[in-house]
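Quick notes on the structure that follows.
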Amino acid sequence: MDSTLSIIIPAYNEEDNIDPVYRDLSSVLIGLGIPYEILLIDDGSTDQTCQKMKSLQLRDNSIRIIKFRKNFGQSAALQAGFDYATGTIIVTMDSDLQNDPRDIPALIEKIEREDFDVVCGWRYNRQDPVFKKIFSKMANSLRKFLTKETIHDSGCTLRSYRRECIEDLELYGELHRYIPAMLQWKGYRVGEIKVNHRERTHGSSKYSWKRLTKGFLDLIVIAFWQKYSVRPMHIFGGFGFILATIGFFISLYLIFERLFLNMGLTERPLFLVGFFMLVVGIQFIALGILADILLKIYYGQKERKPYRVDKILK
Ligand code: UDP
Ligand code: MG
């Protein structure tokens, strides 16, 4: 089948970047010789971003604009792009000129020649403030440790995807950082190539400490989901069972002492410890059962399956 290409570019208050990014990009796309569409997502910009997009669209009918009612964030903007993209290969990139469209041919080639499902850009020579680079290094190591995913740089938006994998994603919060982890976990082949990275020259970064904390909390959810999504009872139930068992034996011991050795219970801290362990343990087991019921509902909804089939051989 012949490939078609969709380029997804989220933009939030990037009025000075829209024109140059389009110019850079379209010269690369024309050279590629593959039919393409450009999806510009205006993520609730309050400056001239949308007007700039519209005037480009008047000249180029391969441009589609998805304008959000308000700022929903980069993950939501990417998801909207995925929902509306029609290409067989999808490329995502930033609109702030930090990514270089000249890397796109290599990203596509790696999918087509080497049979990868996703190819991520690795900003090996990253042009960002030092504190951001240090923080990003730490975040990347933590991510690798918790998700067992191995690519170097999961914060780079410049990536290429086969259509099947994006249909399998649900992005919200700051989840776009964990796309490679989520896809790898579902069995897709994730690769990476080194890409160019440039300093931001126009507009300002939407990076803030608030966004970092949210990203960290999302990582906990992802890591948990990845490990226990099909067996929540193993973690909740296992933990609860251990607690309840210890609590049970402590209580048994205390009851024995009370009944046969006539020892009081009131001023013994062990009584509280045993009692709480028993109660909290039972709570955890109940939580495990509830989580299990919730998952049954989740997978019961249409098209949600705990597996992905590659081929069916008859
Ligand atoms: N962006 C967006 N919505 C947001 C924040 C950012 O669409 O709420 C876009 C932004 O216009 C840029 C990309 O996401 O194209 C990356 O944002 P930014 O450059 O601020 O992040 P950084 O590179 O500093 O991590
Ligand atoms: Mg940027």
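All ligand and atom numbering here is 1-based and tracks the order in the structure. Along the sequence shown, residues are numbered consecutively beginning with 1. What you are looking at is a predicted structure, and each value in this text was computed from that prediction instead of being measured.
At least one donor-acceptor pair closer than 3.5 Å links the side chain of E15 to the backbone N or O of Q48.
The aromatic rings of F224 and F236 sit tilted relative to each other, their planes meeting at an angle between 30° and 60°. Between F68 and F72, the ring-plane angle classifies as perpendicular under the 30° and 60° cut-offs.
Counting non-hydrogen atoms of other residues, nucleotides and ligands closer than 6.0 Å to NZ of K67 gives a total above 12.
Short contacts between ligand 1 and D94, defined as distances under 4.0 Å to a heavy atom of the residue, involve ligand atoms 13 (C), 15 (O), 16 (C). When each atom of ligand 1 is checked for a heavy atom of R200 under 4.0 Å away, the hits are 18 (P), 19 (O), 20 (O). Each of the following atoms of ligand 1 lies closer than 4.0 Å to a heavy atom of Q98: 19 (O), 23 (O). If you number the atoms of ligand 1 from 1 as listed, the ones under 4.0 Å from a heavy atom of N71 come out as 3 (N), 4 (C), 8 (O). The contact set between ligand 1 and S95, taken as ligand atoms under 4.0 Å from a residue heavy atom, comprises 11 (O), 12 (C), 15 (O). For ligand 1, the atoms sitting less than 4.0 Å from at least one non-hydrogen atom of D43 are 2 (C), 3 (N), 4 (C), 7 (O), 8 (O), numbered in the order shown with element in parentheses. Contact atoms of ligand 1 toward P10: 7 (O), 9 (C), 11 (O), 15 (O) (distance under 4.0 Å to a heavy atom of the residue). Taking a cut-off of under 4.0 Å to the non-hydrogen atoms of E14, the atoms of ligand 1 that pass are 10 (C), 11 (O), 12 (C), 15 (O).
Heavy-atom proximity to atom 22 (P) of ligand 1, evaluated over Q74, H176, K132, is greatest for K132.
Counting only residues at least two apart or on different chains, the ring pair (Phe, Tyr, Trp, His ring centres under 6.0 Å) pairs with a member in residues 83-129 are W122-H152.
Using 4.0 Å as the threshold, M93 has no heavy atom nearer than that to any atom of ligand 1.
Contact annotation: for T157 versus ligand 1, there are no heavy atoms closer than 4.0 Å.
Annotation: angle subtended at the Mg ion (ligand 2) by D96 OD2 and Q98 OE1 is 90°, to 10°.
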* Can N17 and S95 be said to form a side chain to side chain donor-acceptor pair (under 3.5 Å), step by step? -> CA-CA 7 Å; N17 290 319; S95 55; over 6 Å; no
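Here F82 and Y161 bring their ring centres to under 6.0 angstrom of each other.
Using a 4.0 Å cut-off between a side-chain N of Lys or Arg and a carboxylate O of Asp or Glu, E37 and R64 qualify as a salt bridge.
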